[in-house]
Amino acid sequence: PSRDKMFGKKSYFGLRGTRLNLAVGILAGLDFLLFGYDQGVMGGLLTLPSFTRQFPQIDTVRSYPTQAEADHASTIQGISVASYNLGCFCGAVACIW
């Protein structure tokens with residue numbers, strides 16, 4: 001069998017080879033840029049007065065009387081931001097179907 005029949009000359013959105021690699025690289029770079037921007041926004045939400053009034057247990061502005069309370073608040077903050085990442089992952093997986 002010929003090489004073309006064996007491996008095919010399939011293109012994706014009319015792109016093959018270097019152009020396809022470049023397109024995938026640009027789109028992946030934009031994705032990471034936007035994901036990083038969203039992470040920055042999520043981190044900024046933790047300090048908004050309206051957010052800390054609604055969720056006082058993860059207030060990042062006030063000081064805590066004991067180190068154990070500060071550690072607990074940090075853990076809750078981490079879970080809050082990580083749940084955002086988990087939601088992003090589930091949304092990406094849902095896009096497969």
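Keep in mind the model is a prediction, meaning the values are calculated, not measured. Scope of the values below: all heavy atoms of this structure, side chains included, with no hydrogens, waters or symmetry mates.
Linking Ile, Leu, Val, Met, Phe, Trp and Tyr residues whenever their side-chain heavy atoms come within less than 4.5 Å places L48 and V81 in a single cluster.
Counting heavy atoms from C-beta outward, R53 and S50 have side chains that approach closer than 4.5 Å.
Pairs passing the side chain to side chain donor-acceptor pair (under 3.5 Å) check and including a residue from residues 15-36, sequence neighbours excluded, do not occur. Sorted by first and then second residue, the ring-ring contact (aromatic ring centres under 6.0 Å, His included) pairs with a member in residues 39-58 read F51-F55; sequence neighbours excluded. Annotation: ring-ring contact (aromatic ring centres under 6.0 Å, His included) contacts involving residues 16-45, sequence neighbours excluded, are absent. Within the structure, the ring-ring contact (aromatic ring centres under 6.0 Å, His included) test picks out no pair touching residues 60-87 (sequence neighbours left out).
Distance check: S80 OG to I76 CD1 gives 7.0 Å after rounding to the nearest 0.5 Å. How far CD of Q57 is from CD of Q77: 10.5 Å, rounded to the nearest 0.5 Å.
Under the rule for a side-chain contact (heavy atoms from CB on, under 4.5 Å), the partners of L20 that lie at least two apart in sequence or sit in another chain are Y12, L15, V24. The side-chain contact (heavy atoms from CB on, under 4.5 Å) check on I26 picks up L22, L30, with sequence neighbours excluded.
Among all heavy-atom pairs drawn from L46 and T52, the shortest one is O-CG2, 3.5 Å. T47 and G44 get closest at one heavy-atom pair: OG1-O, 3.0 Å.
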